[in-house]
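Start at 1 and go down the list; that is how both ligands and their atoms are numbered. Note that the structure is predicted; figures quoted are calculated from it, not measured. Quick note: numbers below take in every heavy atom, side chains included, and nothing from hydrogens, waters or symmetry partners.
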Amino acid sequence: MNLSQTPIAIAVATTQTTCPYCGVGCGVSASMKDDGNIAVKGDELHPANKGRLCVKGSALGETVDLDGRLLHPKMRGADGQMRRVAWNDALDAVASKFSSIIAEHGPDAVALYVSGQLLTEDYYIANKLMKGYVGSANIDTNSRLCMSSAVAGHKRAFGEDLVPVCYEDLELADMVVLVGSNAAWCHPILFQRIAKIKETRPHARLVVIDPRRTATCELADLHLPVKAGTDVWLFNGLMSYLAHRGARDNAFIDAHTNGLNEALAVADADCADPATVARICKVDLEDLLAFYQAFAETEKVVTGFSMGVNQSSAGTDKVNSIINCHLLTGRIGKPGMGPFSITGQPNAMGGREVGGLANMLAAHMDLDNALHRDIVQGFWASPRMADKVGLKAVDLFREIEAGRVKAVWVMATNPMVSLPDADLVQRALQRCELVVSSDVIEQTDTNAFAHVLLPALAWGEKDGTVTNSERRISRQRAFLTAPGEARADWRIICDVAQRMGFNGFDFDGPHQIFDEHARLSAHRNGDADPTKARRVLNLSGLTGMDKKGYDAMQPIQWPVQLLSDGSAAGTARVLEDLRFTHADGRARFVPTAPRGPANLACEEFPLVLNTGRVRDHWHTMTRTGKSATLASHIPEAFIDIHPQDALLYGVREGGLARVSSRWGAMVARVQHGGGIPRGSVFVPIHWNNQSASDARVGALVNPVVDPVSGEPEFKHTPVAIEEFRVSWHGFILTRHALALDDITHWTRVQGRDFTRYELAGRSHIADHSGWARRLLGVNDLDADWLEYEDLTDGSYRAVHVVDDRIDMCLFMSARPDLPSRSWLSGLFAKDRLEEADRVGLLVGQPIEKGADTGPTVCSCFGVGRNTICNAIREKGLKEVGEVTACLKAGGNCGSCVPEIKKLLVEIRVTAAV
Ligand SMILES: Nc1nc2c(c(=O)[nH]1)N[C@H]1C(S)=C(S)[C@@H](COP(=O)(O)OP(=O)(O)OC[C@H]3O[C@@H](n4cnc5c(=O)[nH]c(N)nc54)[C@H](O)[C@@H]3O)O[C@H]1N2
Ligand SMILES: Nc1nc2c(c(=O)[nH]1)N[C@H]1C(S)=C(S)[C@@H](COP(=O)(O)OP(=O)(O)OC[C@H]3O[C@@H](n4cnc5c(=O)[nH]c(N)nc54)[C@H](O)[C@@H]3O)O[C@H]1N2
Ligand code: SF4
Ligand SMILES: [Mo]
């Protein structure tokens, strides 16, 4: 860490806050260590994690330094250069341009595009500004790409966006079904809670429904590798099976639901025969029947679902087909059962509470409901109210490209990377008259097209609340002082709103905004009186908190009642009273006629592109990319493909391939082993133009959306694959930053004491030595420079040593099988190279046994694959616990346990043959 870039702690004491990554919402205790670094631990008292953190949470301390931070407002000058400006100038520019565009073209000519990574208070203010003051609903959020199908499904079934399950239900369940969720990697602490149950109650079952055999499947009793996009067939088939085999709860159906006959008729029409369903879903009939039977027999079932369900052009129907099965069996609102939408971002749920989506109002009210509009406008006393739904994310960027939306303010999201058809986003941003971006990092793919950059406070500096998947509101607390001129997101929005001449944005702190939000949730909330509208979301117990009360606020699940003694009572399970929010108080079965993905593989694009996450990175890597610990698990973008498909399409493991669709193309390294079925490829979403030359997968993704929710089909784009021909492969490890403009393909990875660049080139290099010295900037002929060249196989290596310490090294070859990076990384940690190291560098492999630890498996303790495999073989280890006892691997956050399990199995299998 650069010392001038060190964050400053507010106080020495430990601060209780919440992890800024996934929707599990783990409590974190943060404190400053003597050396100035930040120590983070799981908060023992937080009910979500009870002291545990996954690897991303554990590495938070490595991401709070100020390297790369946006610390001052900046504006693009006429020469195209970004320059630092005073806050007043930046705010005036944003406010006056927004105002003038609104005056000339109307309120719908401007837009906000916000994020589930904003705090509830930021989100509330952004929504209030657009819907109640600008008078347009053109505010949408990256939750459109994530949770909107779940929201739409909940609203159709329950009348309100309600998640009826809490985490404890996973522990009480006798069967947990995970559909389209790789929880082992994406919600690790939740997954560990599920894994733990199996230790104490071995009869409890885990079923995973995912086309890929993911890390989550390592602990599953049954994995149904459904054909991508066929979940509705599977759940309609289940509904039909349950209905006709005595598993319905008629008393519940009669008293609390509507619409069974229509929905069941639709399910029966195509899916009454399990053999047909098995054929369509491409799963083994016996496995399918085993699942159906287990579901029928098990009262306590939680069906957790995530992006494999939501991110589909039939996403909302997928959600309702799952909920239908729970309604049919009456398995909802009771301990240990229910449909469970697992949220992605830390505040996906909070954003929905304040109505951040373009079709919602605030506090679970709807834009297209006149009574709701009246309630919200009356409460805000606002000048004008949006009265029609706004543009949803994909349409919003289309309208920007078409020139009809002329100004957009992006907050806490990176649409150049994360939207489908991401090249359209680039065209849109280039065309847009005013692009404002509030971010914590300066160089992002989106910021490259901004006219105004506004520096926001980051995790550790900002203060407010987030709500996790089980509706638990937790405080994020600041423990670092505001760096540079960064300001809280809510404050920036209020500053602009006031400059636009609006009242209603005068707040002293987030506690006042939270109070307003809580009061609005309780305002005219009821059903006895026609001037009221009943919403389950009611925070009346949290109203009236001053700063002190807000600062002391403990994690609590909504709805929150105010008790007669003035205290607040949260609610573990909503819908326990089985009063749904539809006017008649009943839930709805929704008919879900099955339909496949919008575009199928074809001759030109014969494979299906599935996209998703890896264990140790977060989205576009603006924060996790800073951590060497996190970067070591999967250092490079990859294309996972079945070995037979690789053979068919002429691409080779370890080599580079180009994947292309109708919308765009990318290049990454080919790998097998990700449990991918034939006919598809899987590519991670994280790499972007900052971390690689051409690995932005969003450019390929089909922008088709679900007709109800507007959520894109991120998991299913027809693509083609071909070898990406290069004449050489190479890599550099260096203590210095490099410019790689002339290199055909590169990836940058953060190491602990170095930066690693993976390279590949097309140009013929005649003079390797001269080329290497120029690229690495080592022009001094007297430098300690070791090199070796073998003209027969085109391999070349060069090492620059300064004061006996390795400073940089470069390895090249005509083939991609280059020396081990983990061995070389180890050399950068040494203060002095030993003779054996120098010999190893020249020979291109370690001389010392065990020096090549292999790619990292356990990031917490930095334990590599080779080390684990050797120990398993040499010591005859059989259980994960033994590996942990021997090497520590898996003993901290546990995120790598499924991978260790897999290695144990692989070695056992190879030993047997
Ligand atoms: N490490 C890490 N964790 C994260 C995040 C991160 O960036 N990194 N992001 C967070 C966010 S915002 C989110 S939304 C969540 C996402 O969490 P998840 O939804 O668990 O993650 P994904 O990898 O997007 O996709 C889940 C799975 O859906 C499967 N799938 C694809 N198509 C289908 C299908 O048709 N049917 C079924 N049943 N499955 C299918 C994919 O193969 C994939 O394994 O993760 C959160 N947690
Ligand atoms: N192909 C494909 N694409 C996908 C998905 C997929 O599965 N496949 N998943 C989609 C899903 S579920 C999601 S949630 C999105 C996520 O996609 P994005 O939201 O675009 O990804 P992030 O990298 O999380 O972007 C957050 C940005 O906000 C900045 N930031 C962090 N903290 C703060 C803060 O406190 N204030 C401000 N102002 N800025 C901050 C970060 O530096 C970063 O630039 O990706 C979607 N895109
Ligand atoms: S599971 Fe990991 S990423 Fe998610 S909130 Fe907990 S510590 Fe953070
Ligand atoms: Mo997400």
Side-chain angles (χ1 to χ4, degrees), residues 20-24 54-56 70 114-119 122 141-147 178-188 208-212 214-216 224 226-231 234 305-312 314 318 342-346 348 410-420 422 437-441 444-447 454-459 461-462 476 486 488-489 492 597 608-624 630 674-676 680 682-686 688 697-698 700-701 711-712 714-717 895:
Y21 298 125
C22 85
V24 179
C54 80
V55 60
K56 292 183 297 301
L70 175 65
V114 303
S115 160
Q117 290 166 77
L118 289 174
L119 302 174
D122 307 323
T141 138
N142 63 2
S143 277
R144 180 70 59 199
L145 318 177
C146 181
M147 305 312 305
L178 289 177
V179 196
S181 155
N182 185 9
W185 280 13
C186 296
H187 299 92
V208 178
I209 302 175
D210 192 311
R212 293 190 303 149
T214 60
T216 304
L224 295 176
V226 274
K227 183 177 174 205
T230 62
D231 304 75
L234 190 119
F305 58 91
S306 185
M307 294 309 122
V309 168
N310 295 347
Q311 291 176 337
S312 155
K318 285 191 184 184
I342 309 173
T343 55
Q345 298 176 92
V410 178
M411 289 176 209
T413 178
N414 197 355
M416 262 289 293
V417 186
S418 55
L419 272 178
S437 173
S438 299
D439 206 298
V440 300
I441 297 294
T444 73
D445 290 9
T446 301
N447 288 358
L454 302 174
L457 293 180
W459 180 82
E461 302 150 8
K462 61 183 187 176
Q476 265 196 23
D489 282 296
I492 303 173
V608 166
L609 169 69
N610 176 3
T611 58
R613 290 147 174 85
V614 303
R615 193 189 76 190
D616 292 1
H617 274 306
W618 178 259
H619 297 164
T620 72
M621 302 201 291
T622 61
R623 291 171 292 159
T624 48
L630 298 178
I676 189 107
S680 57
F682 177 84
V683 176
I685 62 174
H686 311 287
N688 54 74
V697 73
L700 281 70
V701 174
E711 180 151 349
F714 281 118
K715 302 286 190 244
H716 200 288
T717 301
S895 300

request  = May I ask whether Val614 has any heavy atom positioned less than 4.0 angstrom from an atom of ligand 1?
outcome  =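 Yes, that is the case, since the closest heavy atom of the residue is under 4.0 Å from the ligand.
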query = With a 4.0 Å cut-off on heavy atoms, does His686 reach ligand 1?
reply =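 The answer is yes: ligand 1 sits under 4.0 Å from a heavy atom of His686.
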Please state which protein non-hydrogen atom is closest to [atom] and give its distance, to 0.1 Å?
atom	answer
atom 5 (C) of ligand 2	Gln311 NE2, 3.5 Å
atom 40 (C) of ligand 1	Pro211 CD, 3.2 Å
atom 23 (O) of ligand 2	Thr620 OG1, 2.6 Å
atom 26 (C) of ligand 2	Ala412 O, 3.3 Å
atom 21 (O) of ligand 2	His619 CB, 3.3 Å
atom 11 (C) of ligand 2	Arg613 NH2, 3.3 Å

Check each of [options] against [atom] and report the one with the nearest heavy atom.
atom	options	answer
atom 6 (C) of ligand 1	His617, Lys715, Lys227	His617
atom 45 (O) of ligand 2	Pro684, Ser418, Pro455	Ser418
atom 42 (O) of ligand 2	Asp439, Asp445, Leu457	Asp439
atom 19 (O) of ligand 2	Asn688, Asn142, Thr611, Leu118	Asn142

[X] to ligand 2, any heavy atom closer than 4.0 Å:
X	value
Trp459	no
Val417	no
Met147	no

Taking heavy atoms and a distance under 4.0 Å, where does [X] meet ligand 2: side chain, backbone, both or neither?
X	answer
Thr413	both
Asn414	both
Ile685	side chain

query = Which of the numbered atoms in ligand 2 are below 4.0 angstrom from a heavy atom of Asp489?
reply =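 Every atom of ligand 2 under 4.0 Å from some heavy atom of Asp489: 34 (C), 35 (O), 36 (N), 37 (C), 38 (N).
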Atom indices of ligand 2, in the order listed, that fall short of 4.0 Å to a heavy atom of Val701 =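 Ligand 2 atoms under the 4.0 Å threshold to Val701: 1 (N).
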Taking both backbone and side-chain atoms of [X], is any N or O found less than 3.5 Å from an N or O belonging to ligand 1?
X	answer
Thr230	no
Ala228	no
Asn182	yes
Lys56	yes
Arg615	yes
Ile209	yes

request  = State whether the side chain of Thr216 and the backbone N or O of Ala184 hold a donor-acceptor pair below 3.5 Å, judged by distance alone.
outcome  =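 At least one qualifying donor-acceptor pair exists.
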request  = Determine whether the side chain, the backbone, both or neither of Phe714 has a heavy atom under 4.0 Å from any heavy atom of ligand 1.
outcome  =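 The answer is neither.
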